[in-house]
Amino acid sequence: MKKLIRNIMLMLAAPALLLTSCHESFDELNTDPTHMSEANAGSFLRPIMYGMSTYNWNRYDSWTFELMQICVSTSSTSGIGWYNATDASGDGTWTNYYYYLTNAKAMYKYGEQAEDNNYMAVSLTLQGWMFELLTDAFGDIPFEDACKGEEGVYQPRFDKQQDVYTNIIDMLDEANRLYDTSKGLQFNSQGDMLYCTSDEDTEGIMLWKKFANSLRMRALLRVIDVPGLDAAAKLKEMVDNPAEYPVFESNEESAMVSVSGVAPEEAPLARPSDFTSYRVLSEFFINTLKNWNDPRLPIFARTATNNGVEGYYGMQSGYQVLPSINASYPNTDNLAVAPMELQLMTYPEILFIKAELAQRGVINADAKSLYEQAVTAAIELWGATVPAGYFDNPLTAYDGTLKRIIEQKFYALFFCDYQQWFEHNRTGYPEIPVGPGVDSTKKMLTRFKYPSILQRTNKANYDAAKESMGGDDFYIKLIWQK
């Protein structure tokens with residue numbers, strides 16, 4: 001009845017609208033009252049957070065999931081799980097990251113105009129995050145000349161990796177100094193998507209500050225063995241001065257974007273049924289969790305039945321002939337259905353960084369205690385509880401090695417963009433199985449190829465980057481890789 005009355009009223013009102021329309025400005029009639037007519041520093045924040053977090057979730061789903069032998073295709077042996085990448089595998093990463101970097105740089109400009117340090121700091125935090133993802137994935141990238149199309153820079157030069165990391169580390173340090181925790185985000189009255197910081201809620205600014213410093217620790221650890229960057233000393237300085245460099249202190253402070261699943265915050269995957277279409281979890285992934293007696297297993301996987309026995313079964317990675325086994329599917333409800341939390345960086349990662357620094361002797365701390373705290377936080381992040389005796393297991397007990405730390409960190413980085421790939425290439429751990437069906441000429445990829453369009457639109461700078469990198473293929477090692 002309400003819809004009927006509404007329709008009748010609209011019909012009666014229509015002639016009146018026609019009679020009055022000629023007296024009104026076309027500009028007024030064509031103005032959408034639900035959208036802003038002018039941009040401000042806050043108008044860029046939600047699009048960046050939603051766009052980047054959902055894109056990265058999809059990249060984990062389509063790239064990291066199979067490349068790191070966690071998920072196995074059952075329909076083809078020519079995919080990324082067999083190290084068969086295409087030249088265009090990184091094109092979307094390049095395009096999307098630079099698109100959102102342009103928005104982040106615009107946020108800085110508008111924040112500067114408004115004399116608002118917090119928007120400038122948030123911009124630098126997001127730029128540091130995105131630039132690191134780019135350089136970790138490609139190597140040399142445009143940094144100083146990036147996103148300057150409005151200034152007429154259409155052929156940006158590429159900066160060397162070491163210079164990019166130096167700039168990222170300095171950028172995040174500047175963000176840390178800029179944050180003003182006495183005020184919020186004046187242009188985001190509804191709160192930002194990460195920490196719900198608004199014009200009145202100031203508590204989130206401290207969490208943004210912690211996010212910036214946590215990202216700086218990630219960047220410094222990535223290049224800890226690269227000469228000339230003094231990363232170990234800078235990490236020690238950060239750990240020894242928590243008041244000056246606050247980082248995540250609990251799972252609740254983790255940088256995770258909440259997506260409701262209701263427009264305009266749709267889940268990254270439009271059809272959850274696609275999440276398990278023609279793919280299952282690997283033997284490597286399932287058996288490790290089983291051997292650990294890990295409570296995350298039922299959260300990540302569904303049971304399957306073989307020979308009348310229900311349980312968790314994995315499929316061989318890189319098989320030559322499809323095995324005749326009913327393997328476990330990924331748990332769609334917990335991994336691909338909104339509402340969901342999309343990871344940017346979490347508290348367990350900070351604890352694993354500190355555990356590694358202690359294991360290396362960079363900081364004076366108990367590596368065993370930090371390792372166990374990290375594993376506990378990683379398990380609790382998924383809503384599970386560490387079972388009694390978990391660390392009594394010889395396979396989970398801290399044994400003083402980097403290998404043990406990274407094995408657990410690998411699972412803590414589950415569904416966090418490319419981080420498992422990057423950390424494996426940095427440390428060599430965990431040991432990823434190579435199946436019998438993998439071509440002997442193929443191996444773990446170390447980077448993406450540059451988009452081919454650069455060879456047509458920015459050839460001179462592409463050629464210079466290619467020479468600097470020693471080539472442009474999937475196996476060129478970056479400066480921080482083992």
Side-chain angles (χ1 to χ4, degrees), residues 52 56 93 97-98 100-101 104 121-144 146 158-179 208-242 244-248 254-255 343-357 360 362-363 405-406 409 412-413 416-427 446-447 477-482:
M52 278 294 296
N56 280 344
T93 298
Y97 287 3
Y98 275 117
Y100 288 112
L101 274 166
V122 167
S123 168
L124 292 174
T125 301
L126 295 176
Q127 287 185 58
W129 172 51
M130 290 184 275
F131 271 124
E132 188 187 350
L133 288 169
L134 272 166
T135 194
D136 284 349
F138 291 94
D140 291 7
I141 58 168
F143 183 92
E144 294 292 348
F158 286 58
D159 295 84
K160 295 183 183 298
Q161 298 166 66
Q162 185 157 328
D163 295 333
V164 175
Y165 287 110
T166 298
N167 283 318
I168 290 169
I169 291 161
D170 291 346
M171 176 181 284
L172 293 170
D173 194 26
E174 182 182 354
N176 176 56
R177 294 194 303 272
L178 279 173
Y179 278 113
W208 273 102
K209 185 182 177 80
K210 289 183 176 184
F211 180 34
N213 287 317
S214 298
L215 285 170
R216 189 167 184 257
M217 288 189 73
R218 174 193 278 178
L220 285 166
L221 183 70
R222 192 83 81 229
V223 294
I224 193 169
D225 293 322
V226 177
L229 292 178
D230 206 19
K234 290 174 182 175
L235 280 163
K236 185 179 188 307
E237 179 188 18
M238 292 186 73
V239 174
D240 289 347
N241 296 279
E244 184 177 355
Y245 298 103
V247 295
F248 298 147
S254 296
Q343 297 183 30
L344 311 186
M345 186 177 186
T346 66
Y347 170 58
E349 184 176 347
I350 284 296
L351 289 172
F352 277 113
I353 291 173
K354 290 181 177 180
E356 180 174 341
L357 294 179
R360 285 171 168 262
V362 174
I363 61 173
I405 292 171
I406 301 301
K409 188 178 183 181
L413 294 174
C416 188
D417 54 70
Y418 298 122
Q419 295 306 312
Q420 289 175 320
W421 180 34
F422 296 157
E423 281 294 88
H424 171 76
N425 281 337
R426 178 178 73 89
T427 65
T446 55
R447 63 182 290 272
K477 289 198 173 183
L478 307 187
I479 58 173
W480 46 268
Q481 291 178 348
K482 186 176 178 66

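Scope of the values below: all heavy atoms of this structure, side chains included, with no hydrogens, waters or symmetry mates.
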Any side-chain heavy atom of Arg218 sitting closer than 4.5 Å to one from Ile350?
-> no
Look at the side chain of Arg447 and the backbone N and O of Ala137, then say whether any donor-acceptor pair between them is shorter than 3.5 Å. no
- Taking 4.0 angstrom as the limit, do Arg360 and Asp225 come out as a salt bridge? yes
Subject >> Backbone N/O of Ile169 and side chain of Asp173: donor-acceptor pair under 3.5 Å >> reply: no
Quiz item: Cut-off 3.5 Å, side chains only: do Ser123 and Gln127 have a donor facing an acceptor?
Solution: yes
When you compare the side chain of Phe248 with that of Met345, does any pair of heavy atoms fall below 4.5 Å?
yes
Rounded to the nearest 0.5 Å, the CG atom of Leu220 sits from the CD atom of Glu237 at a distance of 10.0 Å
Residues at least two apart in sequence or cross-chain that pass side-chain contact (heavy atoms from CB on, under 4.5 Å) with Asn213, listed by chain then number, are Asn176, Lys209, Met238, Tyr245, Pro246, Val247
| message | Would Arg222 and Trp480 count as a cation-pi pair here, with the cationic atom under 6.0 angstrom from the ring centre and within 45° of the axis? | response | yes
| query | Within a strict 4.5 Å, meaning less than it, do heavy atoms of the Met130 and Leu134 side chains meet? | reply | no
Quiz prompt | Exam field: side chain Gln481 to backbone Thr446, donor-acceptor pair closer than 3.5 Å | solution = yes
**Report entry** Stepwise side chain to side chain donor-acceptor pair (under 3.5 Å) test for Tyr165 and Asp136
**Finding:** CA-CA 9 Å; Tyr165 287 110; Asp136 284 349; 2.6 Å; yes
For Leu357 and Met217 the tightest heavy-atom approach is CD1-CE, 4.4 Å
Heavy-atom closest pair (Asp140 atom, Lys160 atom, distance to 0.1 Å) is OD1-CA, 3.5 Å
Q. Is Leu478 close to Thr135 at the side-chain level, that is, under 4.5 Å between some pair of heavy atoms?
A. no
With sequence neighbours left out, the residues meeting side-chain contact (heavy atoms from CB on, under 4.5 Å) with Asp159 are Phe143, Glu144, Arg157, Val164
Looking only at heavy atoms, the pair that brings Gln343 and Cys416 closest together is OE1-CB, 3.6 Å
Contacts of Lys482 meeting side-chain contact (heavy atoms from CB on, under 4.5 Å) (sequence neighbours excluded), chain-then-number -> none
Tell me whether Glu423 is salt-bridged to Lys409, with the criterion being a basic N under 4.0 Å from an acidic carboxylate O.
yes
| Do Ser254 side-chain atoms and Tyr347 backbone N/O form a donor-acceptor pair below 3.5 Å? | yes
Tyr418 and Asn425 side chains, donor-acceptor separation under 3.5 Å:
no
For Pro142 and Tyr98 the tightest heavy-atom approach is O-OH, 2.7 Å
Check your understanding: Is the shortest heavy-atom distance from the side chain of Leu172 to the side chain of Leu124 under 4.5 Å?
Key -> no
Between Asp240 and Lys236 (salt bridge meaning N to carboxylate O under 4.0 Å), is one present in this structure?
yes
Closest heavy-atom pair, Gly128 versus Ile168, reported as atoms and distance to 0.1 Å, is O-CG2, 3.8 Å
